[in-house]
Amino acid sequence: MPRKVLDGRVVSDKMLKTVVVEVETTTRHRLYNKVLRHTQKYMAHDEESACHEGDWVRIEECRPMSARKRWRVIEVLRQGSTDLNA
């Protein structure tokens, strides 16, 4: 069974070897057809501490690393700015 892979933005890198990644998904309302945005935060393992706030990363599901950490960073897609509202 293939592992889940998601793309998202790093919103926190204050922990050792751990980053918080915010993944945004869009769905369409069944009745009104309005596009709805959903955001979910995942804690991901970053072995080399290569990610910083604002970076876009790809994360992959893995074995539980801690109580809340079940994802690992595969790659940094692009370096981002520290301005998270952009």
Side-chain angles (χ1 to χ4, degrees):
M1 187 162 111
R3 295 181 175 184
K4 294 179 187 173
V5 176
L6 299 172
D7 294 343
R9 184 180 359 178
V10 176
V11 293
S12 174
D13 62 346
K14 292 176 173 52
M15 295 166 277
L16 292 174
K17 296 187 178 182
T18 303
V19 292
V20 179
V21 179
E22 184 178 65
V23 176
E24 183 176 292
T25 57
T26 58
T27 58
R28 194 169 284 279
H29 193 278
R30 292 188 331 196
L31 178 61
Y32 301 115
N33 290 327
K34 180 178 174 66
V35 175
L36 303 172
R37 294 187 310 169
H38 301 281
T39 59
Q40 177 78 41
K41 290 182 182 177
Y42 297 97
M43 295 182 78
H45 184 69
D46 180 20
E47 184 65 38
E48 297 89 29
S49 296
C51 302
H52 301 289
E53 276 189 49
D55 292 353
W56 283 89
V57 296
R58 181 164 287 150
I59 58 175
E60 172 187 57
E61 198 174 28
C62 66
R63 66 177 176 82
M65 303 263 187
S66 68
R68 295 170 51 200
K69 193 163 55 166
R70 275 118 172 90
W71 296 81
R72 105 181 55 168
V73 175
I74 301 174
E75 62 180 318
V76 178
L77 299 175
R78 72 172 183 252
Q79 302 292 327
S81 64
T82 56
D83 181 23
L84 295 177
N85 296 328

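As a basis for the values below, the full set of heavy atoms in this structure was taken, side chains included, without hydrogen atoms, waters or symmetry mates. Heads up: numbering here begins at 1 and tracks the sequence.
- Shortest non-hydrogen contact noted between Val10 and Cys51 is CG2-CB, 4.1 Å.
- Among pairs with a residue in residues 37-49, those fulfilling salt bridge (Lys or Arg N to Asp or Glu O under 4.0 Å) read Lys17-Glu47, Glu24-Arg37, at least two apart in sequence or across chains.
- Using a 4.5 Å cut-off between side-chain heavy atoms of Ile, Leu, Val, Met, Phe, Trp and Tyr, Leu36 forms no hydrophobic cluster with any other residue.
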Please output the side-chain donor-acceptor pairs of residues 61-73 that fall under 3.5 Å, not counting sequence neighbours, one pair per line with the distance.
unit_1 : atom_1 : unit_2 : atom_2 : d
Ser66  : OG     : Lys69  : N      : 3.4
Lys69  : NZ     : Thr18  : OG1    : 2.9
Lys69  : NZ     : His45  : ND1    : 3.2
Arg70  : NH1    : Ser66  : O      : 2.6
Arg70  : NH1    : Ala67  : O      : 3.0

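- Listed by chain and residue number, Asn33, Val35 satisfy the side chain to side chain contact (heavy atoms under 4.5 Å, CB included) test with Arg28 (two or more places apart in sequence, or in another chain).
- The side-chain heavy atoms of Val23 and Thr39, taken from C-beta on, include no pair separated by under 4.5 Å.
- Shown here are the side chain to side chain donor-acceptor pair (under 3.5 Å) partners of Glu22, two or more places apart in sequence or in another chain: there are none.
- Partners of Ile74 by side chain to side chain contact (heavy atoms under 4.5 Å, CB included), not counting sequence neighbours, listed by chain and number: Val5, Arg58, Glu60.
- Under the 4.5 angstrom side-chain criterion for Ile, Leu, Val, Met, Phe, Trp and Tyr, the cluster partners of Trp56 are Leu77.
- Listed by first then second residue, pairs satisfying ring pair (Phe, Tyr, Trp, His ring centres under 6.0 Å) with a partner in residues 11-35 read His29-Tyr32, not counting sequence neighbours.
- Residues meeting the side chain to side chain donor-acceptor pair (under 3.5 Å) test with Asp55, sequence neighbours left out: none.
- By the 4.5 Å heavy-atom criterion applied to side chains, His38 and Thr26 are not counted as neighbours.
- Partners of Lys14 by side chain to side chain donor-acceptor pair (under 3.5 Å), not counting sequence neighbours, listed by chain and number: Glu53.
- How far OG of Ser12 is from NE2 of His52: 12.5 Å, rounded to the nearest 0.5 Å.
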- From CA spacing to verdict: side-chain contact (heavy atoms from CB on, under 4.5 Å), Tyr42, Val20: CA-CA 6 Å; Tyr42 297 97; Val20 179; over 6 Å; no
